[in-house]
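Both counts, for ligands and for their atoms, begin at 1 and track the order of listing.
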Amino acid sequence: MTGAGISVAAGIPDFRTPGTGLYDNLQKYNLPHPTAIFEIDYLKTTPEPFFVLAKEMYPGNFKPTRCHYFIKLLHEKGVLLRNFTQNIDTLERVANIPAEKLVEAHGSFAEAHCINCHQEADKEWIKGEIFSNKVPRCSSCGGITKPDIVFFGEGLPKRFFELMSQDFPKCDLLLVIGTSLQVQPFASLIHHVGLTTPRLLINNEIVGNTDLQMVMRGFTQGFRFDMDGNYRDVKQIGDLQQSIDMLASLLGWKDDLDALIAKESNTNNNAKY
Ligand code: CNA
């Protein structure tokens, strides 16, 4: 399970890191509240801020990080069941992680549809509109057309739910990397692995921990770091790219990771989204 933290080293800000995260840097958009920029009802009335941001974040200008290549390495070693990602930057695809190994839980910029009549839009056309500072309008009904990233108020892709029930019971080690685990239903995925499955959090803050209040409300499957009876949850807190290098070294795969990155950086034309 991955989140915005794994792309910070690529130059894409995450949402919630104080100071550098997107939510602390949206003043110029004059929003009623930070999350409005990704709310479907707000988009309908005030689409401009989202499209200004979309231009800044548009895939093509960013390169995958060591963490993206580590996930690719897990695939090459035959141990990656799936990468469930919340990211919309498509850097997993740029790192050549095969599409069937990915669940882009919050969609991506790879396709676009009208929010009214759902007509599919041409990828190059919508990119052109966004880069010309226009709000893209549907050629059939004139509705706002946006990349297929999932907004608050929209459902997640069918693939997320199908593979969630298929993959999580099979998982024998869950890696949770670079996410604040604040957004549902993605955050609850950590509850869906078996009770003996080890879970490793790699992040620069502790997230998803079960607190007393949650236990009283019956939610007992959050992480149990530093709690009595924790037999399977492990945390590595610190810069995640360094943590990934540490993990690769412990596995004896550091040279393989370096070799993969060298190979991919030579051949990567950065245009596979
Ligand atoms: P988030 O809520 O911003 O959390 C990011 C987490 O990563 C936080 O816990 C940070 O502490 C941690 N983090 C950031 N940098 C590092 C670092 N260098 N080392 C270790 N940990 C670090 O982001 P989530 O993904 O949890 O939130 C879900 C939202 C964010 C999804 O809907 C995404 O679509 C959305 N988002 C995606 C991108 C992207 O595609 N790159 C960018 C910004 C937001």
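In this structure, SG on Cys141 lies 9.0 Å from NE2 on His118, to the nearest 0.5 angstrom. Here the straight-line distance linking atom CD1 of Ile97 with atom CZ of Phe70 works out to 11.0 Å at 0.5 Å rounding.
Where the criterion is an N or O separation shorter than 3.5 Å, residue side chain and backbone included, Ile88 meets it with respect to ligand 1. Considering backbone and side-chain atoms alike, Gln182 places every N or O at 3.5 Å or more from each N or O of ligand 1. Looking at Ala4 next to ligand 1, an N or O pair under 3.5 Å apart turns up.
Summary of contacts: the protein heavy atom closest to atom 42 (C) of ligand 1 is Pro13 O, 3.3 Å. Atom 21 (N) of ligand 1 has its closest protein heavy atom at Asn204 N, 3.0 Å. Ranking protein heavy atoms by distance to atom 18 (N) of ligand 1, first place goes to Asp239 OD1, 3.0 Å. Scanning all protein heavy atoms for the shortest distance to atom 27 (O) of ligand 1 gives Arg16 NH1, 3.4 Å. Of the protein's non-hydrogen atoms, Asp14 OD2, 3.4 Å is the one closest to atom 5 (C) of ligand 1. Of all protein heavy atoms, the one closest to atom 41 (N) of ligand 1 is Asp89 OD2, 2.7 Å. Looking from atom 28 (C) of ligand 1 to the surrounding protein, the closest heavy atom is Gln86 OE1, 3.3 Å. For atom 15 (N) of ligand 1, the closest non-hydrogen atom on the protein side is Val8 CG2, 3.7 Å.
Close contacts of ligand 1 with Ser180, meaning ligand atoms under 4.0 Å from a residue heavy atom, involve 1 (P), 2 (O), 4 (O), 5 (C), 6 (C), 9 (O), 26 (O).
Among Leu181, Ile202, Thr2, the single residue meeting the side chain to side chain contact (heavy atoms under 4.5 Å, CB included) criterion with Val176 is Leu181. Results of the side chain to side chain donor-acceptor pair (under 3.5 Å) test with Glu104 over Arg93, Gln86, Arg159 single out Arg93 as the only residue that passes.
Contacts between Val150 and ligand 1, counted as non-hydrogen atom pairs separated by less than 4.0 Å, are absent for every part of the residue. At a heavy-atom distance under 4.0 Å, only side-chain atoms of Ser7, from C-beta outward, approach ligand 1.
Residues Leu175 and Phe186 are members of separate hydrophobic clusters, defined by side-chain heavy-atom contacts under 4.5 angstrom among Ile, Leu, Val, Met, Phe, Trp and Tyr.
In the candidate list Leu240, Ile237, Thr179, Ile149, Thr179 is nearest to atom 26 (O) of ligand 1, counting heavy atoms.
Annotation: cation-pi pair Lys146/Phe151 present, NZ/CZ under 6.0 Å from the ring centroid and within 45° of its normal.
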